[in-house]
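The block underneath contains the structure these notes are about, expressed in structure tokens.
Not measured: the values here are computed from a predicted model. Chain A is the first sequence line, chain B the second, and so forth, proteins listed ahead of strands; every chain is numbered from 1.
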Protein chains: 2
Amino acid sequence: MRMSEGVEWALHSLLTLAWLGDDQPVPTARFASGHDLPKAYLNKQLQALVRAGLLTSTPGARGGYVLARPPEKITLMDVVTAIEGSERAFRCADIRRRGPGATAPAREYAEPCAIDSAMRRAELAWRRELAAQTIADIRAAADAHAPNAAERVRRWHGRD
Amino acid sequence: MRMSEGVEWALHSLLTLAWLGDDQPVPTARFASGHDLPKAYLNKQLQALVRAGLLTSTPGARGGYVLARPPEKITLMDVVTAIEGSERAFRCADIRRRGPGATAPAREYAEPCAIDSAMRRAELAWRRELAAQTIADIRAAADAHAPNAAERVRRWHGRD
DNA sequence: GGTACCGTACTCGGATAAGCAATGTCCGAGTTCGTTGGG
DNA sequence: CCCAACGAACTCGGACATTGCTTATCCGAGTACGGTACC
């Protein structure tokens, strides 16, 4: 089980936008050169964020991406769902009723598969933690450890 | 992000062994026909459980797999780790220090990446829930919903 | 000098390949059990 | 009738294809800006 690295890229891009703080669009090329990432593929991930309503894109020259809502309103769950999709990691194929089990009365399968329920419980705990943390929280934690990072990013993006 | 379906197969196989309860080995072919699964590939997954110390295998005719320890001592975390490996789903590539950020003083990177920490927190919650549930719990839940299932499985595997 | 027009550079957006891990398949080493021949 | 040797069937275990998804790339539609010609 491996999460797409696009999630990391998206989170860093969103964090950068949170640091910049203004409404001036940032193009993909700038994000990409900032972290040495493949431009076109990063753009694909940012498009997913637009479709999910986390970013707003403006086409054409001087275009780019802007946060669609304040960083406090963007949770990690939103980002992971936007990039990875909303499907669960564990997908019960209901193999209990394949094979000989198929002859059992349907009444026995009224309740959901116990294995599926157990995995769902674990995955819900994961989602709950993701939903409890926002981009603003990430920024606060980063600022606490490295107060200069925000300023350096602003400089590099031509602000001030 | 998608979990291998081998996890579901492994859990069902372990649950079956818990239902049987004796020390009589069950071959892969029986598990496979029981849930209509590809025999050789299922065997690959069961081998992983052997390597992880969850199953004991006996080769040759009348051979097969047996639980290596009681169901109360086998957690879902054990099974997921055995099949999926112990690596985290989110793997921080530390892209914060790639590109222009590389010129920043190393002192700023002493603390772990805030994004990595946040994702780690969520994943720990997931693992905690997985470690809190055992094969015995799964069996108890399944028995509560469908008391006849255990008996039917025992019959089908030639017990009694 | 001011204004309208045009060309260029730059952006997102989606359609199109390449790489790799998960999935699936096959064959060999080893063990058990039934059979068969001899004592 | 009893026993030993043998062969066949069955099992795990690892090496070898194949499929699907992640990753990566390319090109087109659209927009803003700078230059230029004209009024």
Residues A:D137 and A:R139 bridged, charged N to O under 4.0 Å:
no

Give one of base, sugar-phosphate or nothing for B:G64, where a contact means two heavy atoms less than 4.0 Å apart.
sugar-phosphate

DNA chain D: A:S4 or B:T28, which has the more 5' nearest nucleotide?
B:T28

Rounded interatomic separation in angstrom, taking CH2 from B:W9 and C1' from C:dA22
11 Å

Any heavy-atom pair between the side chains of A:S13 and A:L42 that's under 4.5 Å?
yes

A:L37 vs B:I95 side-chain heavy atoms within contact, under 4.5 Å:
yes

Sub-4.5 Å side-chain heavy-atom contact between A:L67 and A:I135
no

Using a cut-off of 6.0 Å, state whether more than 12 heavy atoms not belonging to A:R159 lie near its atom CZ.
yes

Is the phosphate of C:dG13 approached by A:S57 (side-chain N or O, under 4.0 Å from OP1 or OP2)?
yes

Any N/O pairs under 3.5 Å between the protein and nucleotides 14-16 of chain D? List them or say none.
| from | atom 1 | to | atom 2 | distance (Å) |
| --- | --- | --- | --- | --- |
| D:dG14 | OP2 | B:Q47 | OE1 | 3.2 |

Round to the nearest Å and state the distance from B:R2 atom CZ to D:dT19 atom P.
17 Å

Within this structure, what is the CD-to-C1' distance between A:E87 and D:dC21, rounded to whole angstrom?
13 Å

Flag the pair B:H157 / B:Q24 as yes when at least one side-chain heavy-atom distance between them is below 4.5 Å, and no otherwise.
no

B:Q133 side chain near B:T75 side chain, heavy-atom distance below 4.5 Å
no

So, OP1 or OP2 of D:dG13: does either fall under 4.0 Å of a side-chain N or O from B:Y65?
yes

Please list, for nucleotides 28-36 of chain C, all pairs of protein and nucleotide N/O atoms separated by less than 3.5 Å.
| from | atom 1 | to | atom 2 | distance (Å) |
| --- | --- | --- | --- | --- |
| C:dT31 | O2 | B:A61 | N | 3.3 |

For B:E8 and C:dT23, give me the distance from atom CD to atom C1', rounded to whole Å.
15 Å

Any side-chain heavy atom of A:Y65 within less than 4.5 Å of one from A:N43?
yes

Between CG of A:L55 and P of C:dT11 the distance, given in whole Å, is 16 Å

Nearest-Å distance for atom pair CG/P, residues A:L49 and C:dG13:
11 Å

Roughly how many Å is it from CD in A:E5 to P in C:dA21, rounded to a whole number?
12 Å

Distance in angstrom units between B:R30 CZ and D:dT11 C1', rounded
13 Å

Nearest to the A:Y41 side chain among C:dG13, D:dG13, D:dT22, which nucleotide is it?
D:dT22

Should A:R69 and A:D78 count as side-chain neighbours, where that means a heavy-atom distance under 4.5 Å?
yes

